[in-house]
Structure formats: C-alpha cells, structure tokens
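Working notes for the structure below.
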Amino acid sequence: MKKHFYDLHCDTATKAYHMGVSFEDESLHINKKALDCFDEAMQVFAVFYDDRRTDSGMDFFFNVKNFLEKEISDSKNTVPIISCEGGNITDGKLENIQIFAQNGVKFFSLVWNGVSRFATGSKTDQNEGLRPLGKDCVKELENFGIILDVSHLSDKGFYDVSNISKKPFVATHSNARSICNNARNLTDDQIKVIVERNGLIGLNWNPPFLSENKTSTFEDILRHTEKILSLGGEHVLALGGDLDGIGSLPEGISNVSDLLKLKEYLEKELGEELTDKIFYGNAKAFSEKNFK
C-alpha cells in the first residue's frame with residue numbers, strides 16, 4: 001500500500017523560522033529525512049501568531065510563508081498546505097482575509113488559547129464566544145473559501161460558529177474530552193456537530209490531550225479514535241498531530257516517520273481500509289470538495 005498521509009496541523013514552519021534552522025534539522029519533528037519515508041505527505045503548515053503579539057501579523061505571515069516555500073521548493077513528495085492560527089494575524093482588518101485566500105491559506109482559526117480581536121480561546125473562558133468582528137470574520141472566510149478551524153475556540157465560540165456558519169468547519173487538532181478531560185478537546189456533542197456538518201477532526205498527539213497520565217501511548221490514540229468513530233466519525237476523522245508545536249510526544253513517536261508505526265498499529269485494530277481513511281482518505285476527500 002502507498003505510504004502517504006494527510007495531516008491537518010503542525011507548527012514546523014513557524015518553529016523553524018523562529019529558530020533560524022532549515023528543514024534539514026533533524027531536531028524538528030517534521031524534517032526532510034523523516035518526510036522521505038513517504039511517497040506523499042500532504043501536510044498543513046500553520047503560521048502561528050500568538051494572541052499576545054503586537055507586531056504586524058501580515059508581515060509575519062509573509063515571512064513564514066516565504067520561508068516555507070523556500071524550504072520545500074525541491075521536495076518531490078511533500079504537498080504543503082497553509083493555515084493561519086490566531087486571528088490577530090489579520091491586524092484586525094477583514095479585508096486581509098482576501099489576501100490570505102490569494103496566497104493559498106486553506107484553514108484559519110480565530111484565536112489561539114487567549115483572547116483575540118475575534119474570539120476567546122478554550123484555555124481562557126469557555127463561556128465567552130465570538131466578538132462582533134469574529135462573527136463577521138466567519139462570513140468573510142466562507143466568502144473566500146477558507147475553512148474555519150475551531151480547535152482553539154471556547155465552547156461558546158464553537159456554538160457561535162455552528163450557528164453562524166453555512167459551510168463545513170473543522171477541528172484540525174483536537175481529541176475527545178470524554179476520554180481526556182482537557183479544555184482543548186471536543187465534547188461528544190461538539191463531535192456530533194462536526195460529523196453532521198461534514199467537517200473534519202484531526203487527532204492530536206499532544207500527551208496532555210491524550211491522557212491524564214504523565215505519558216501517553218498508541219493505546220491512548222486508539223481510545224480517542226474509537227470514541228470519535230462511535231459518534232459517527234468514520235468519514236470525518238483525520239490526523240492533526242500538532243508536531244513541532246508540542247513539548248513531548250507519545251511513546252513510540254519521535255518524528256513524523258513514526259506515523260508508519262502508528263498506522264501499522266491501527267491497521268491491526270481497525271483494519272486497513274478505515275485506517276487509510278483516517279490517515280489520508282477523509283482529509284483528501286474533504287479538500288477536494290471544499291477547497292476553492
């Protein structure tokens with residue numbers, strides 16, 4: 001079977017840019033040597049702009065985007081997809097959404113863990129949702145074919161998006177809260193909403209989102225997988241590893257090449273067909289249907 005994956009979220013481009021290192025650096029979870037293990041790697045690279053930053057978000061976006069394009073310009077197997085993480089990257093101007101669309105941005109989150117001009121993050125206040133500008137931003141994103149990412153939104157913000165949006169939305173890197181009670185994870189009802197809206201949910205490999213223990217394992221990833229599947233997620237479940245955005249990794253994963261070990265493990269538990277949908281097919285089908 002072809003060695004491929006489609007992952008909805010990593011922070012590699014932003015981290016490497018900040019560190020001043022190339023994708024040759026093997027300390028990165030996603031690096032060129034690790035990516036060479038795959039026939040095709042469809043990877044969403046987030047341009048992460050912290051809610052607390054005050055410099056020009058647009059300048060930062062183009063700096064990271066240009067850096068990423070340079071790093072993967074000679075890659076034969078890596079398909080880069082760009083997302084924006086943190087709504088303040090717009091500098092508070094909705095007209096910049098069109099510029100993002102023209103520069104290949106496919107996913108956009110209104111906030112990180114704090115508070116932005118648009119919304120409140122899940123680590124701040126679950127009862128505070130979208131601000132008026134955020135509600136307008138949802139409509140603008142949909143006008144330009146950019147997919148809204150709800151992974152960092154508060155619970156109230158999630159339902160604000162659900163009520164306002166007309167198109168599918170995604171949680172690029174979130175797990176099941178009923179399995180691990182972390183504010184960054186989705187409730188059962190939120191999972192059902194995304195399923196009903198034909199969105200995507202990317203499994204996050206950050207240990208604190210997988211288990212309330214100090215460490216996590218492939219078994220923990222399976223528990224979240226099975227939970228989301230039990231709620232109707234067969235066609236929405238995908239990968240969202242959060243690589244290079246997390247401080248530690250589950251046992252058995254040191255970089256992106258270890259996806260091959262995880263895939264082998266899940267194939268034994270879930271079968272090859274379903275595992276391939278999670279690793280590639282669901283996200284691929286979603287992008288073909290929803291990307292402009």
Side-chain angles (χ1 to χ4, degrees), residues 5-9 42 44 81 83 85 106-111 119 121-122 126 129-130 138-139 141-142 145-206 209-210 220-242 262-263 266-267 269-291:
F5 73 87
Y6 193 138
D7 180 86
L8 298 175
H9 186 89
M42 298 191 72
V44 179
I81 301 160
S83 70
E85 185 176 30
K106 299 301 183 185
F107 299 98
F108 188 97
S109 63
L110 299 172
V111 68
S122 61
Q126 293 281 34
L130 268 57
V138 172
K139 299 172 184 176
L141 290 167
E142 292 191 339
I146 298 177
I147 310 301
L148 192 70
D149 178 8
V150 298
S151 269
H152 279 278
L153 272 177
S154 65
D155 287 348
K156 176 65 164 57
F158 178 98
Y159 288 107
D160 286 343
V161 167
S162 175
N163 290 330
I164 296 167
S165 63
K166 305 297 183 184
K167 297 181 180 180
F169 55 88
V170 305
T172 59
H173 53 306
S174 294
N175 298 329
R177 200 180 301 177
S178 61
I179 300 298
C180 179
N181 187 23
N182 189 295
R184 274 279 287 101
N185 288 337
L186 300 165
T187 66
D188 287 3
D189 184 70
Q190 290 171 340
I191 292 168
K192 291 177 183 178
V193 169
I194 294 176
V195 169
E196 290 168 0
R197 298 293 292 271
N198 298 309
L200 288 174
I201 299 171
L203 289 164
N204 192 318
W205 306 327
N206 191 12
F209 301 165
L210 287 168
D220 293 311
I221 296 174
L222 176 64
R223 289 169 65 220
H224 287 273
T225 300
E226 290 180 331
K227 180 61 180 182
I228 295 170
L229 289 173
S230 75
L231 296 170
E234 178 179 348
H235 302 294
V236 308
L237 195 53
L239 304 178
D242 211 357
L262 176 61
K263 187 175 184 182
L266 291 179
E267 284 175 345
E269 300 292 334
L270 304 172
E272 289 187 6
E273 182 178 354
L274 180 53
T275 300
D276 194 61
K277 289 176 70 174
I278 295 168
F279 266 68
Y280 183 83
N282 287 339
K284 179 68 171 176
F286 178 93
S287 61
E288 289 175 347
K289 182 176 181 180
N290 293 285
F291 287 179

Kindly give the heavy-atom pair with the smallest separation between [X] and [Y], and that separation in Å.
X: Ile164; Y: Lys139; result: CG2-CE, 4.0 Å
X: Asn290; Y: Pro168; result: OD1-CG, 3.7 Å
X: Arg177; Y: Gln126; result: NH2-NE2, 3.6 Å
X: Glu85; Y: His9; result: OE1-CE1, 3.3 Å
X: Leu186; Y: Ala171; result: CD1-CB, 3.9 Å
X: Leu148; Y: Val161; result: CD2-CG1, 3.1 Å

Closer than 3.5 angstrom, by distance alone: can the side chain of [X] be matched with the main-chain N or O of [Y] as a donor-acceptor pair?
X: Asn185; Y: Ser178; value: no
X: Asn175; Y: His224; value: no
X: Asp242; Y: Asn206; value: no
X: Glu269; Y: Leu222; value: no
X: Ser151; Y: Thr172; value: yes
X: Asn204; Y: His173; value: yes
X: Asp7; Y: Gly241; value: yes

Any side-chain heavy atom of [X] sitting closer than 4.5 Å to one from [Y]?
X: Val138; Y: Ser165; result: yes
X: Glu234; Y: Leu229; result: yes
X: Leu274; Y: Leu266; result: no
X: Ile179; Y: Glu226; result: no
X: Trp205; Y: Leu239; result: yes

Nearest 0.5 Å, what's the [atom1]-[atom2] distance between [X] and [Y]?
X: Ser174; Y: Phe209; atom1: OG; atom2: CZ; value: 7.5 Å
X: Leu110; Y: Leu130; atom1: CG; atom2: CG; value: 5.5 Å
X: Phe107; Y: Ile81; atom1: CZ; atom2: CD1; value: 6.5 Å
X: Ile201; Y: Ile191; atom1: CD1; atom2: CD1; value: 5.0 Å
X: Phe108; Y: Ile147; atom1: CZ; atom2: CD1; value: 13.0 Å
X: Leu237; Y: Leu203; atom1: CG; atom2: CG; value: 4.5 Å

Anything under 30° is parallel, anything over 60° is perpendicular, the rest tilted; go ahead and classify Phe158 against Phe169. perpendicular
Classify the angle between the aromatic ring planes of Phe286 and Phe291 as parallel (below 30°), tilted (30 to 60°) or perpendicular (above 60°). perpendicular
Given side-chain contact (heavy atoms from CB on, under 4.5 Å), test Leu231 with Val195 step by step and report yes or no. CA-CA 8 Å; Leu231 296 170; Val195 169; 5.6 Å; no
Keeping to residues at least two apart or across chains, list the salt bridge (charged side-chain N to carboxylate O under 4.0 Å, His left out) pairs with something in residues 184-193.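 Passing the test, one end in residues 184-193: Asp188-Lys227.
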Going by the rule salt bridge (charged side-chain N to carboxylate O under 4.0 Å, His left out), which residues pair with Glu288 if we only count those two or more places apart in sequence or in a different chain?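 So Glu288 forms a salt bridge (charged side-chain N to carboxylate O under 4.0 Å, His left out) with Lys284.
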Assess the residue pair Asn198 and Val236 against the criterion (side-chain contact (heavy atoms from CB on, under 4.5 Å)); give the C-alpha distance rounded to whole Å, side-chain angles, the decisive distance to 0.1 Å, and a yes or no. CA-CA 7 Å; Asn198 298 309; Val236 308; 5.7 Å; no
Tell me every residue that passes ring pair (Phe, Tyr, Trp, His ring centres under 6.0 Å) with Tyr280, counting only those two or more places apart in sequence or in another chain.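 With sequence neighbours excluded, Tyr280 shows a ring pair (Phe, Tyr, Trp, His ring centres under 6.0 Å) to His4, given in chain and number order.
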Determine, stepwise, if the pair Leu153 / Val111 fulfils side-chain contact (heavy atoms from CB on, under 4.5 Å). CA-CA 7 Å; Leu153 272 177; Val111 68; 3.9 Å; yes
In sequence, state the C-alpha distance, the side-chain angles, and the governing distance for Leu8 and Leu200, and then conclude on side-chain contact (heavy atoms from CB on, under 4.5 Å). CA-CA 9 Å; Leu8 298 175; Leu200 288 174; 4.0 Å; yes
